[in-house]
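Okay, so here's the structure we're looking at.
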Protein chains: 2
Amino acid sequence: MSGAGIRSWQAIQTEVMRRIHAREWPPGHTIPNEVDLAREFGCARATVNRALQSLADAGLLERRRKAGTRVALHPVGKATVDIPVIRQEIEERGLRYGYQLIARNIDIPPPRLGGKNAALHVTALHTADGAPYVFEDRWINTDTVPGALDQPFDRISANEWLVTTAPYTHGDIGFSAQPANATQSALLDARANAPVFVIDRTTWDGEDTVTTVTLTYAPGYRIHTIIGTGPVAF
Amino acid sequence: MSGAGIRSWQAIQTEVMRRIHAREWPPGHTIPNEVDLAREFGCARATVNRALQSLADAGLLERRRKAGTRVALHPVGKATVDIPVIRQEIEERGLRYGYQLIARNIDIPPPRLGGKNAALHVTALHTADGAPYVFEDRWINTDTVPGALDQPFDRISANEWLVTTAPYTHGDIGFSAQPANATQSALLDARANAPVFVIDRTTWDGEDTVTTVTLTYAPGYRIHTIIGTGPVAF
DNA sequence: TAGTGGTCTAGACCACCTG
DNA sequence: AGGTGGTCTAGACCACTAG
């Protein structure tokens, strides 16, 4: 029964998923330890480890030293959303990218952004085949990214320039639905208070903020992605 | 210089990120191969491999056999969005969860869902501290999940029941902003055409669809998550 | 076709945690 | 205290692909 040998970690992953799937290992069940599985599959423990770790990353398994590996009770689905450069996002849809700077000045950020220090405020419109696509409203920390002061942002968007210039260590991001305000509805060819999709994002480089941006998309925008990353199906 | 030895894969990861960060290895640069790095760091190649693979997963590096490993030109940020059970999502916010079934019947799904066969149609409202939270409009494929026909869904939501009962291999998911229709605005205590956040999701088990659901959230809902998963900062 | 990453092995030691 | 996963090693072979 165990003579055949399942030797690749992907094959082991598939077999483990099959057993979970088939309820041989129901939710909450503690599965055999790595040594036993390695013996059963006829492979090295490291190979089993690789397979199980991958499934744990995907949220299908819960692993703890000494306690062992259990099938997750509530397999939390995880969707990975890519955050591309806007120009790329548009061009990948086969559309012609356009960019238009609206304003660029030094100012004091609003209190909700926490800053008392002046920062670079850039607003711009990105278009796809001439139609409004997304409105970018951005604050750049000029202490963290002094080079931004030399950039006019009239041809290259701050969005694009920062990606290749200002690395960050971490960030946070939010998605929401909001009514378009006067500025947004005018720029995006939308009715007043029309529902628009909004992404707000702040990035840090260590302790220092790099940039905070609010992206307001024209009506009809939809983020679409896939659950079950690559080989990790569950 | 190389005598010290960087022996853990996390330390190697940190060091590689530092070099990218410091522009010692600028975007597009091909970094040394694994054997050379292993020699420099005084560790085994497998350890370097683990570190670089992790960074490649995070989108910071691009790796190809024979071509080597390059620093990504456009480090695509990736945000991982958890898709929890609604009850858990509400309770984790410290709110009291409530559930109310609205309708449950067998019907022919609308053509955009591709089905000609009858399916189980369930609509329900989830509440947080008594306030409307999200409206669930779901179709369940009774060929794939026959057990659903025995479930009344009057106490346990389809959302929750399916998670522990109907495994899936993959799915797709979309996020958008939409105006609330009459039904939604009434149930969610929202004005007509108020902007609402909508998640639509379809899951498959192999070739067969499992369920398709549209979740319409009450105004003010916001998805929030972090960029730079865990130890992988970039 | 040769160089690079991808994977596997057999063994070892360590860190963590439950009982 | 002992069992389990986490990691590292030194070496090997394989798979892919750029030149």
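In what follows, chains are A, B, ... by sequence order, proteins preceding strands, each numbered from 1.
- Where Gln53(A) and Ala67(A) each meet DNA chain D at their nearest nucleotide, the meeting point lying more 5' is that of Ala67(A).
- Base-pair partner of dG19(D): not found among the strands shown (Watson-Crick or G-U wobble, both distances under 3.5 Å).
- For the pair Arg63(B) CZ and dA18(D) C1', the interatomic distance rounds to 17 Å; values are reported in whole Å.
- In this structure, Lys66(B) atom NZ and dG19(D) atom P are separated by 7 Å, rounded to whole Å.
- Atom CD in Gln10(A) sits roughly 13 Å away from atom C1' in dC14(D) (whole-Å rounding).
- Thr169(B) places a side-chain heavy atom less than 4.5 Å from the side chain of His21(A).
- Using a 4.5 Å heavy-atom threshold, the side chains of Tyr217(A) and Ser176(B) count as separate.
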*Output, in order, the C-alpha distance, side-chain angles, deciding distance and verdict of side-chain contact (heavy atoms from CB on, under 4.5 Å) for Leu37(B) and Ile31(B).*
CA-CA 9 Å; Leu37(B) 285 176; Ile31(B) 77 175; 4.2 Å; yes
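- When the nearest nucleotides of DNA chain C are assigned to Arg45(A) and Val35(B) by heavy-atom distance, the more 5′-ward of the two goes with Val35(B).
- Remark: the Arg63(A) side chain and the Thr69(A) side chain contain an N/O donor-acceptor pair separated by less than 3.5 Å.
- Thr211(B) places a side-chain N or O within 3.5 Å of a backbone atom of Trp139(B) that can act as its donor or acceptor partner.
- For the residue pair Glu89(B) / Tyr133(B), a side-chain donor-acceptor distance below 3.5 Å is found, with atom types taken as modelled.
- Taking a heavy-atom distance under 4.0 Å as the criterion, the stretch of DNA chain C touched by chain B extends 5' to 3' from dA2(C) to dT7(C).
- Using a 4.0 Å cut-off, some side-chain N or O of Arg64(B) falls inside it from OP1 or OP2 of dA18(D).
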